[in-house]
Each structure stands twice: as structure tokens, then as C-alpha cells.
Chemist: 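Pasting a structure here, questions to come.
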There are 2 protein chains.
Amino acid sequence: MADGRPSAAISGENLLFLTDEQLRQGIEAMFFAYRGFTADPDRILTDMAYGRAHHRAIHFINRAPGTTVNNLLNILGVTKQSLNRVLRTLIADGLVESRVGRIDKRERHLYLTDEGRLLEGRLSDAQRARMRAAFRDAGPEAVAGFRQVLEAMMDSEMQRAYTRLKESGT
Amino acid sequence: MADGRPSAAISGENLLFLTDEQLRQGIEAMFFAYRGFTADPDRILTDMAYGRAHHRAIHFINRAPGTTVNNLLNILGVTKQSLNRVLRTLIADGLVESRVGRIDKRERHLYLTDEGRLLEGRLSDAQRARMRAAFRDAGPEAVAGFRQVLEAMMDSEMQRAYTRLKESGT
DNA sequence: CAGTTTAAGTCAGCCTTGTTGACATTCCAA
DNA sequence: TTGGAATGTCAACAAGGCTGACTTAAACTG
């Protein structure tokens with residue numbers, strides 16, 4: 001739908017990548033790749049008392065410093081109780097700072113401390129290293145396709161969040 | 001490493017997709033897309049008393065009927081206790097059948113029952129529908145790139161498991 | 001100004017899914 | 001026949017989701 005080739009898709013070459021078998025391989029590729037994707041940071045985190053949820057919070061606070069709790073909630077797609085548990089430990093451990101909003105004092109704005117940035121660096125270095133190797137092995141055209149398919153796989157709400165982050169990044 | 005363009009990669013165009021910003025976008029694309037990837041089957045599963053772990057077991061038993069518990073363990077990358085809990089409920093509910101091995105009677109070979117296949121169909125239909133839409137939107141070249149990058153992102157052990165499944169599928 | 005809504009935090013309790021460790025059973029193979 | 005492998009079971013625990021109920025403070029609105 002809305003792809004500009006409605007009738008061409010019913011014949012020949014265009015169907016080869018839409019067979020159930022091809023789709024199933026795509027599904028399994030996602031499953032196995034996601035495991036690799038999280039493996040390196042997970043290893044670092046279990047040495048400390050942290051988990052993947054802490055990583056996600058740290059990642060997005062680093063990505064958008066000063067973000068509010070509510071905004072983070074929407075990006076992560078979890079309940080505030082779930083996020084709060086994670087944030088509380090990160091703040092208690094001095095990795096995240098929570099500042100009362102100046103304009104709206106109900107809001108809390110979140111920032112990484114120096115120590116938080118240090119852990120963030122360790123985690124993304126590990127994750128980026130794998131991503132870099134995969135990107136390099138596959139080449140620029142494959143990377144473009146990779147991102148195109150992933151973007152099409154997101155819920156529209158997440159697509160918007162993704163694009164917003166993408167555009168904010170330099 | 002081992003990509004055939006060692007020095008070319010240090011200049012110009014080839015670096016554009018290896019900047020930290022590009023890598024970070026790839027990381028976030030994986031995060032958001034995986035959520036979409038699991039969203040549809042998750043919705044079906046929560047209506048029943050099942051979770052994602054049940055889906056994974058059902059998927060791979062369907063994919064390789066007669067697989068042993070140990071084999072499934074390696075593919076899923078969990079402990080036998082964890083898998084066993086899931087398998088026990090699936091067997092008790094009559095979705096999975098466990099047959100004692102004929103050659104090696106220690107082994108249990110796993111099969112979906114008719115009812116199991118029914119649920120499997122419902123789950124993969126939902127997951128495939130999203131994958132199909134994403135593949136169609138992105139086009140064949142993008143899909144090829146998508147799979148190339150994902151494969152490069154896997155641990156080598158998972159890469160082997162993935163390839164084995166791929167080759168067994170027709 | 002009073003009442004409502006919003007942002008955030010907290011408490012309690014529940015579920016799934018992962019983990020270890022200890023142990024029993026069965027059965028193949030040296 | 002004995003050692004080891006494959007499987008299963010019990011118990012205990014933790015992370016990280018969830019819901020529901022409630023509080024506080026601030027902001028908005030009629």
C-alpha cells in the first residue's frame with residue numbers, strides 16, 4: 001500500500017521476497033540479531049547491579065538531556081512505576097540528576113552526571129562496536145536498506161519518536 | 001576487518017554511515033523496530049495465559065518438528081529450567097506433544113498438536129503481516145540489505161543456527 | 001478563588017521469564 | 001558395570017513488566 005507499485009507486485013521477481021519462507025527468515029533474523037544487539041551491553045551491566053532497563057534510560061537521557069519523565073515514559077513505552085524503579089536507583093547511585101523544571105515546577109528534567117556519562121560511554125562503545133562491524137561488513141547500500149525496513153516495521157507512534165530523535169541529532 | 005576496503009574506508013563517502021550519529025540511529029532503529037516486531041503476537045498472547053517465551057518455543061518447534069529439548073535450548077539461548085516451565089504448560093494445554101526418542105530414549109522430540117499449529121498460525125500470520133508490509137514498503141534491495149546487516153550483527157553461533165534453519169527451509 | 005487536571009512519585013501486589021543450585025532418573029557407551 | 005550425558009523436577013530468587021490506589025504539588029480554568 002502506498003508504495004507506487006501495486007500491480008507489478010503480483011508477478012515474478014517482486015514476489016520472491018514476500019513468500020512465507022522469506023518472511024519467516026526475516027523474522028528469525030530479527031530474533032537472532034536482537035540477541036547480538038543487546039549481548040555486549042548486557043555483559044557490562046550484569047557486572048554492576050543493572051539491567052537492560054537501566055541501559056535504555058541512560059541511553060535516552062544522554063540522547064536528549066533535560067528530557068522530562070513523561071517524555072521518557074512515552075519513548076520507552078513502559079509504566080511510570082516501572083521507569084521510576086529504575087530512575088530511583090540511577091539517581092541514588094549518582095548517575096542521573098533530576099532537576100525541578102523552571103517553567104513548570106511539576107516537571108523533573110533528567111540529566112546524566114559525569115559518572116552517568118562514563119557508564120553511557122562504556123555501554124554505547126560496546127554496542128556501537130558491533131553495529132560498526134556489521135555496517136562495515138554489509139556496506140552502505142545494505143545499511144540504507146536495513147534502516148528502511150526497520151523504519152517500516154515500527155508502529156507509527158514510534159516512527160515519529162524515532163524521526164524526532166534523528167532530526168535532533170545534529 | 002576482512003571487508004576488502006581497508007583504506008578506502010578512511011575517506012569520504014564510506015565514512016558517512018560509520019559516524020557515531022549514524023550508528024546511534026541504527027541502534028535506536030533496532031530498539032523501536034523490535035517493539036513493533038513483537039507487538040502483534042504479544043497482543044494475541046496476553047489474551048491467553050501465554051507470553052513471548054511461549055511464542056518462541058511454538059515458533060521453533062513448528063519450524064523444526066521433532067527437535068529435541070536440547071536443540072531448542074541452544075536456539076533459544078535460555079536455561080533448561082526456564083524452557084521447561086514454558087514447555088510444561090504448552091504440553092499440559094495440549095499444544096505441544098513430547099515423544100520419547102526411538103533411537104535415544106533419553107531425548108524428547110517435540111511436535112505441535114493440531115491445536116498448537118492453530119495458535120502458531122495465528123501468531124505468525126500477525127507477525128508476517130507486519131513484516132510483509134515493511135518488506136513491500138522498503139522494496140527488494142532494502143530487504144536484502146536488511147538481512148545482510150542483521151546477519152552481520154549476530155553472534156557467530158547464532159549465525160550458524162540461523163543459516164542451518166534457512167537451509168532446512170525448502 | 002475554587003475546583004479540576006496534570007506531572008511525578010510511592011506503595012502494594014501480581015505475572016512472566018530469566019537465573020542458580022541440588023538432585024533423581026534413565027540410558028548410552030567405554 | 002560404572003561414568004557421564006540428557007532430561008526433568010523442586011526450590012528460591014531477581015529483574016522488570018503490569019494494575020490499582022493514593023499523595024503531593026503545581027498549573028490551569030471557569
Chemist: Look at the side chain of B:Arg85 and decide which nucleotide, out of D:dG16, C:dT19, C:dG18, has an atom nearest to it.
Modeler: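 Given the options D:dG16, C:dT19, C:dG18, the side chain of B:Arg85 is closest to C:dG18.
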
Chemist: Could you tell me which residues satisfy side chain to side chain contact (heavy atoms under 4.5 Å, CB included) with A:Glu115, sequence neighbours excluded, listed by chain and number?
Modeler: A:Leu95, A:Thr113

Chemist: B:Leu45 CG to C:dT17 P: how many Å, rounded?
Modeler: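 My rounded result for the distance is 8 Å.
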
Chemist: Without decimals, in angstroms, what is the distance between B:Leu72 CG and D:dG8 C1'?
Modeler: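 Interatomic distance, CG of B:Leu72 to C1' of D:dG8: 15 Å.
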
Chemist: For a quick test of reading the model: is some side-chain N or O of A:His54 closer than 4.0 Å to OP1 or OP2 of D:dG16?
Modeler: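 For D:dG16, OP1 or OP2 has a side-chain N or O of A:His54 closer than 4.0 Å.
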
Chemist: Distances for protein N/O vs nucleotides 5-12 of chain C N/O pairs under 3.5 angstrom?
Modeler:
{"from": "C:dT6", "atom 1": "O2", "to": "A:Arg106", "atom 2": "NH1", "distance (Å)": "2.8"}
{"from": "C:dA8", "atom 1": "OP1", "to": "A:Val69", "atom 2": "N", "distance (Å)": "3.3"}
{"from": "C:dA8", "atom 1": "OP1", "to": "A:Arg108", "atom 2": "N", "distance (Å)": "3.4"}
{"from": "C:dA8", "atom 1": "OP2", "to": "A:Asn70", "atom 2": "N", "distance (Å)": "2.7"}
{"from": "C:dA8", "atom 1": "OP2", "to": "A:Asn70", "atom 2": "ND2", "distance (Å)": "3.4"}
{"from": "C:dA8", "atom 1": "N7", "to": "A:Lys80", "atom 2": "NZ", "distance (Å)": "3.3"}
{"from": "C:dG9", "atom 1": "N7", "to": "A:Lys80", "atom 2": "NZ", "distance (Å)": "3.2"}
{"from": "C:dG9", "atom 1": "O6", "to": "A:Lys80", "atom 2": "NZ", "distance (Å)": "2.3"}
{"from": "C:dT10", "atom 1": "OP2", "to": "A:Asn84", "atom 2": "OD1", "distance (Å)": "3.1"}

Chemist: Between A:His55 (NE2) and D:dG17 (P), how many Å, whole number?
Modeler: 13 Å

Chemist: Compile the donor-acceptor pairs under 3.5 Å between side chains in residues 73-81 of chain B and protein atoms, sequence neighbours left out, one pair per line.
Modeler:
{"from": "B:Asn74", "atom 1": "ND2", "to": "B:Asn70", "atom 2": "O", "distance (Å)": "3.3"}
{"from": "B:Thr79", "atom 1": "OG1", "to": "B:Ser82", "atom 2": "N", "distance (Å)": "3.3"}

Chemist: Regarding B:Gly101, tell me which of base, sugar-phosphate or nothing describes its non-hydrogen contacts under 4.0 Å with the strands shown.
Modeler: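 No contact.
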
Chemist: Whole-Å distance between D:dA14 P and A:Asp42 CG?
Modeler: 19 Å

Chemist: Nearest of C:dT20, C:dT17, D:dC18 to any side-chain atom of B:Arg52?
Modeler: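 Of the candidates, C:dT17 comes closest.
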
Chemist: Within the structure shown, what part of the strands sits under 4.0 Å from A:Ala57 by heavy-atom distance: base, sugar-phosphate, or nothing?
Modeler: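 Since no nucleic acid heavy atom lies under 4.0 Å of A:Ala57, the category is nothing.
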
Chemist: If only side-chain N and O atoms of A:Thr79 are considered, is one of them under 4.0 Å from the OP1 or OP2 phosphate oxygen of D:dC18?
Modeler: yes

Chemist: Partners of A:Arg130 by side chain to side chain contact (heavy atoms under 4.5 Å, CB included), sequence neighbours excluded?
Modeler: A:Ala39, A:Asp40, A:Arg43, B:Met153, B:Asp155

Chemist: Please identify each residue that fulfils side chain to side chain contact (heavy atoms under 4.5 Å, CB included) with B:Ala29, with sequence neighbours left out.
Modeler: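 Checked B:Ala29 against side chain to side chain contact (heavy atoms under 4.5 Å, CB included); matches are A:Leu150, A:Met154, A:Tyr162.
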
Chemist: Are any of the side-chain nitrogens in A:Arg117 or A:Asp114 under 4.0 Å away from the carboxylate oxygens of its partner?
Modeler: yes

Chemist: Suppose we screen for side-chain hydrogen bond (donor to acceptor under 3.5 Å, both in side chains). Which residues come up paired with A:Thr68, at least two apart in sequence or across chains?
Modeler: none

